[in-house]
Amino acid sequence: MQAESLSSQHPMLSKQVIQPLALAGIGALVAIRFGAVGAVLFFAGYIWLAWVSLPAAAVLYILAAPFPLGMVLHHHKFYAADFMALVMALKLARDHWAEGVSGLARTFFPRPFRWPLLFLLVLSVLSLATSISHFGTVIKILEYIEFFVVMVAVFREHGTDETIWNWYLGALFAVVGAVTLYGVYQFMLQLGPVYNIVDVHHVRATGFFGQPNVFGGFSDQTFPMLAALVVLGPATLRKGWLKIALTLVALGVVISYSRGSWVADAGAVFFMGILIGVTRGWGQVKNFAAYSILIPVAMFVLVFFLGKVDLSHTSLYVGAHKNTLERLKTTVTAIINPSGHFDTDQRLLIWKSAISAIRQHPLLGVGLGNFHLFIQHHPPKGLAGIPPMAHDLYLEWGADLGIGGIIAGLWLEWTWLASAVRLVREQAAKLPAYWYAVLVGSFGTLTAFVIHNWVDFLIDQGVVLPLLLALALVSAAWDRYRKA
């Protein structure tokens with residue numbers, strides 16, 4: 001993304017990464033025909049790669065995380081990316097072992113999110129005392145450690161090295177673009193279940209996530225970062241490619257038909273515009289608006305006309321077949337008249353069930369990740385199907401962890417947003433263009449996450465990537481610019 005003269009010893013470009021990458025690539029190919037043998041070769045190469053270049057291993061993690069590669073054990077999905085994170089955690093611990101407990105704490109629990117994160121993890125461990133499924137809660141605790149402790153630490157390990165961050169962000173944009181193209185394929189050929197049909201001959205795109213709202217979340221959290229880099233980033237960035245990625249990601253948000261994604265990006269763009277206006281002048285807000293508003297509008301128009309093209313050759317028909325404009329209209333009417341919309345009515349039933357779980361287990365909850373078991377045992381009247389989560393982060397954590405879970409969610413998100421805003425406002429005059437852009441973009445990503453998670457719960461493998469990169473960017477910049 002950015003042209004720089006680099007030495008052969010740079011951790012992303014060292015010749016030492018070629019051999020382990022080749023072994024991992026061979027393993028991936030062999031796994032197509034001989035799964036177990038290929039997996040052994042791949043992970044042997046990956047372990048070698050992580051010890052040679054942690055950033056290269058992190059890039060491979062980003063590229064692999066959105067794909068459902070792994071196995072099911074005790075009804076829980078274990079991804080290849082989970083093992084990759086474990087390898088990187090061991091490498092990171094080895095590198096900082098000599099620094100003692102304080103050094104490891106600085107590495108894995110960086111400021112400024114340390115205390116609310118520790119509070120969440122302590123509540124998660126305590127919830128084992130009342131957990132419906134102890135195995136499920138342990139798996140969820142390990143998953144949260146992978147995301148918020150290990151991967152944030154891995155991404156921020158090389159501080160503000162722009163070359164490494166370009167690789168990380170480039171990998172994210174590439175994989176989101178690839179998943180979006182697959183989503184377009186699904187949308188156009190109606191490759192999905194009947195209950196996802198839209199505009200008669202199409203389906204809501206899901207990518208490899210199995211759920212359109214998760215696919216939308218993956219795209220909507222990436223969009224603000226791309227928009228910020230295109231408008232605010234330095235001229236040395238390859239902005240032609242960034243504009244293509246921005247258009248693709250905006251298309252992904254639209255074809256998900258996720259109202260949560262649409263509202264999340266609208267809110268992110270609005271608050272990003274205010275932050276840009278306050279720190280760099282309102283003139284620059286016009287340029288930002290031109291990309292962050294006009295491109296999504298163009299994608300809405302494109303999807304509306306694509307919806308009139310029938311490539312499915314099916315005669316399936318269901319009641320929920322609204323086109324793009326009708327779906328956009330119901331985003332407003334669903335708030336005014338929730339009982340008149342099936343999706344909103346179902347969410348209200350799920351939220352009532354979550355509130356019931358909080359009332360019955362106010363102190364320790366039903367166990368981290370166990371709300372879906374609670375509602376399975378106590379389904380409310382009128383519920384069409386058992387949901388995998390509470391469709392609301394705060395109610396999910398409230399049901400799982402008790403009232404403290406709601407406090408942890410609000411505290412965490414306040415710390416995320418406040419830290420990003422504080423950095424941009426206090427250091428606006430000193431920040432290089434690149435870091436001003438990625439910090440404003442991180443603020444937008446965090447804002448999109450906060451808004452979307454009022455109606456969904458998007459802490460899962462793959463979809464959480466944009467959030468983790470945004471947190472690592474804010475943390476790395478906090479160490480570099482605020483301390484300086």
Side-chain angles (χ1 to χ4, degrees), residues 2 110-113 116 156 159-160 162 165 169 220-237 239 242-243 246 249-250 253 260-297 409-454 466-484:
Q2 191 173 26
R111 294 181 183 278
F113 324 121
R156 68 180 287 277
T160 55
E162 292 180 19
W165 278 110
L169 294 175
D220 74 51
Q221 292 174 48
T222 305
F223 179 83
M225 186 70 73
L226 269 166
L229 281 168
V230 167
V231 177
L232 306 171
T236 50
L237 294 177
K239 293 194 175 182
L242 290 176
K243 291 173 184 176
L246 180 66
V249 170
V253 174
S261 289
W262 295 355
V263 174
D265 270 349
V269 166
F270 174 78
F271 288 109
M272 288 169 73
I274 292 176
L275 184 60
I276 294 167
V278 169
T279 56
R280 287 287 172 93
W282 297 100
Q284 203 154 17
V285 176
K286 296 179 181 178
N287 294 330
F288 177 70
Y291 284 96
S292 60
I293 296 177
L294 294 183
I295 288 180
V297 169
L410 294 172
W411 187 11
L412 258 178
E413 291 184 345
W414 169 256
T415 308
W416 294 347
L417 294 172
S419 301
V421 170
R422 190 171 183 179
L423 268 172
V424 173
R425 290 196 64 186
E426 290 183 356
Q427 306 297 325
K430 301 176 183 178
L431 286 171
Y434 182 89
W435 279 94
Y436 180 79
V438 294
L439 286 173
V440 172
S442 295
F443 169 72
T445 293
L446 297 170
T447 302
F449 176 87
V450 170
I451 294 174
H452 194 161
N453 277 264
W454 280 105
L467 172 70
L468 301 183
L469 285 165
L471 293 176
L473 280 162
V474 173
S475 179
W478 187 274
D479 288 343
R480 167 73 183 275
Y481 294 105
R482 193 159 191 278
K483 287 183 179 179

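Keep in mind the model is a prediction, meaning the values are calculated, not measured. Only heavy atoms go into these numbers, but all of them, side chains included; no hydrogens, no water, no symmetry mates.
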What pair of heavy atoms forms the shortest contact from Ser442 to Met225, and how long is it?
-> OG-CE, 3.4 Å
Taking all non-hydrogen atoms of both residues into account, name the closest pair between Lys239 and Pro234 and its distance.
-> CE-O, 3.4 Å
Do the non-hydrogen side-chain atoms of Tyr434 and Thr160 ever get within less than 4.5 Å of each other?
-> no
Pick out which of Leu412, Val474, Leu446 makes a side-chain contact (heavy atoms from CB on, under 4.5 Å) with Leu417.
-> Leu446
Given side chains that start at C-beta, do those of Pro224 and Met272 come closer than 4.5 Å, heavy atoms only?
-> yes
Begin with the C-alpha distance, continue with both residues' side-chain angles, and end with the deciding distance and a verdict on side chain to side chain contact (heavy atoms under 4.5 Å, CB included) for Phe223 and Val269.
-> CA-CA 9 Å; Phe223 179 83; Val269 166; 4.0 Å; yes
Would you give the length of the straight line joining atom CG of Leu232 to atom CG of Leu431, rounded to the nearest 0.5 angstrom?
-> 11.5 Å
Ala472 to Arg156 - nearest heavy-atom pair and separation = O-CB, 3.9 Å
Which pair of non-hydrogen atoms, one from Leu229 and one from Ala437, has the smallest distance, and what is that distance?
-> CD2-CB, 4.1 Å
Contacts of Phe449 meeting ring pair (Phe, Tyr, Trp, His ring centres under 6.0 Å) (sequence neighbours excluded), chain-then-number -> Trp416
Looking only at heavy atoms, the pair that brings Ala448 and Asp265 closest together is CB-OD1, 4.1 Å
Least distance between heavy atoms, Gly159 atom then Trp165 atom | O-NE1, 2.7 Å
Would you check if the side chain of Ser475 reaches a backbone N or O of Pro112 as a donor-acceptor pair within less than 3.5 Å?
-> no
Checking Thr445 side chain against Gln221 main chain: does a donor-acceptor pair fall under 3.5 Å?
-> yes
What pairs with Arg422 under side chain to side chain contact (heavy atoms under 4.5 Å, CB included), at least two apart in sequence or on another chain?
-> Glu426, Trp478, Arg482
Which side-chain N or O atoms in residues 277-287 pair as donor and acceptor under 3.5 Å with protein atoms at least two apart or in another chain?
residue : atom : partner : partner atom : Å
Thr279  : OG1  : Leu275  : O            : 2.7
Thr279  : OG1  : Tyr436  : OH           : 2.6
Arg280  : NH2  : Ala428  : O            : 2.9

What salt bridge (Lys or Arg N to Asp or Glu O under 4.0 Å) pairs are there with at least one residue in residues 467-478, not counting sequence neighbours?
-> none
Euclidean distance, Glu162 CD relative to Thr236 OG1, rounded to 0.5 Å | 7.5 Å
Check the pair Val424 / Phe443 against side chain to side chain contact (heavy atoms under 4.5 Å, CB included), numbers first and verdict last.
-> CA-CA 9 Å; Val424 173; Phe443 169 72; 5.9 Å; no
State which residues pass ring pair (Phe, Tyr, Trp, His ring centres under 6.0 Å) with Trp454; sequence neighbours excluded, sorted by chain then number.
-> Tyr394
Between Tyr481 and Trp435, how do the two ring planes meet: parallel, tilted or perpendicular, split at 30° and 60°?
-> tilted
Side chain to side chain contact (heavy atoms under 4.5 Å, CB included) against Tyr291, all qualifying residues, sequence neighbours excluded = Val230, Val231, Lys243, Leu246, Ile295
